[in-house]
2 protein chains.
Amino acid sequence: MQSVKKRTYSRITREATELLGKLIRLGRKERKMTESELAGRAGISRATLQKIERGDLTCEIGLFLEVAVLVGVKLFDADSSQVVLMHIGRINDKLALLPQRVRPSVKVDDNF
Amino acid sequence: MQSVKKRTYSRITREATELLGKLIRLGRKERKMTESELAGRAGISRATLQKIERGDLTCEIGLFLEVAVLVGVKLFDADSSQVVLMHIGRINDKLALLPQRVRPSVKVDDNF
DNA sequence: ACATTGTGGCTAGTATAACGGTCATTAAAT
DNA sequence: ATTTAATGACCGTTATACTAGCCACAATGT
């Protein structure tokens, strides 16, 4: 009974993960795969797959996305996934333009 | 030197995570926050934030998305995130329509 | 030029995720 | 109705993610 992990997540984070889990479960059933089958293909245990489909926030993002890919879930969005992925080049450019280090001279504006 | 974890990830998974990490780093710098600041706000260590921005696949999805939300990264896509999130209701419906258990009578079609 | 400090990388310790196995329940097929 | 097996849940073990702290380097501001 020592040091119970006390982590808080925003509503957006919780809903997004829950959604992704449901999309995975939906994709799996549409393809008529059992939990064991999908877990086997993904190289994970059935217990972990159950956590993922349940939307457990503590699962590794790699496992989460890997399972999603296996059941045909389009990452990031329905039909613009490729567009988003292609943006990775432009993001590199934008990163290169920014100063390599951040030095907050004043104060960071808390816009929440 | 026993049992080195040997995990493989699809290219899509790797690129998606890498992209998300870069988006986070971009968002952080655009808001002129230091790694320590963002890590502090997210309630994680700086080392973990560095792993996230690097696109490390072994990070918890909850931490990954939480940091993304903090720096204003729109989850799933640029401007249709809310649409996707609203679809959660319809997904529940679709799940309810499917049989509650999958019994593969024939063989699962390997469409890869 | 100098001082400041953000960043990358490393370590050991600790919390915990993932695994493999088991069991009860119950939907699905006969 | 009976049989089969997919699912949900639990547990002990093992692997590892996260943490706190440190150092070296170098970009930024003066």
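Only a predicted model underlies this, so the values are computations on that prediction, with no experimental measurement involved. Proteins come first, then strands; the chains are lettered A, B, ... in the order of their sequence lines, and each starts at number 1.
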Under 3.5 Å: donor-acceptor pair, side chain of B:T13, backbone of B:Y9 = no
Shortest side-chain distance from A:I44, nucleotide among C:dC19, D:dG8, D:dT19 = C:dC19
Check the side chains of A:T58 and B:E60 for a donor-acceptor pair under 3.5 angstrom, ignoring hydrogens and angles.
-> no
With no hydrogens and no angle check, is any side-chain donor or acceptor of A:R25 less than 3.5 Å from a backbone partner on A:Q50?
-> no
B:R25 side-chain N/O to C:dG6 phosphate OP1/OP2 under 4.0 Å | no
Would you mind reading off the distance between A:Q50 atom CD and C:dA24 atom P, rounded to a whole angstrom?
-> 17 Å
Select base, sugar-phosphate, or nothing to describe what B:G62 touches, counting heavy atoms under 4.0 Å on all strands.
-> nothing
Compare the minimum distances between each of D:dA6, D:dA17, C:dC19 and the side chain of B:K51, then state the nucleotide with the smallest one.
-> D:dA17
Can you check the A:K29 NZ to C:dA27 C1' distance for me, whole Å?
-> 10 Å
Counting side-chain heavy atoms from CB outward, which of D:dA17, C:dG6, D:dC18 is closest to B:T58?
-> D:dA17
Just to confirm, is there a sub-4.0 Å distance from OP1 or OP2 of C:dA17 to any side-chain nitrogen or oxygen of A:T48?
-> no
Can you tell me the distance, in whole Å, between the CZ atom of B:R28 and the C1' atom of C:dT7?
-> 9 Å
Looking at C:dG9, does its base get a donor-acceptor pair with the side chain of B:R54 below 3.5 Å?
-> no
Length of the line joining B:L57:CG and C:dA18:P, which is rounded to integer Å | 13 Å
Quick one: CD1 on B:I61 to CG on B:L20, what's the gap to the nearest 0.5 Å?
-> 9.0 Å
Go through the N and O atoms of the side chain of B:E35 and the base of C:dG6, and report whether any donor-acceptor pair is under 3.5 Å.
-> no
In whole angstrom, what separates B:L49's CG from D:dA17's C1'?
-> 15 Å
Does A:R7 make a side-chain N or O approach to OP1 or OP2 of C:dT16 shorter than 4.0 Å?
-> no
5'-most by nearest nucleotide on DNA chain D - B:R46 or B:C59 = B:C59
Separation of atom CD1 in B:I52 from atom C1' in D:dA17, rounded to whole Å = 11 Å
Taking CE from B:M33 and C1' from C:dT7, how many angstroms apart are they, rounded to a whole number?
-> 16 Å
Main-chain N/O of A:T34 paired with A:E37 side-chain donor or acceptor, under 3.5 Å = yes
Separation of D:dT19 atom P from B:E60 atom CD, nearest Å, is 8 Å
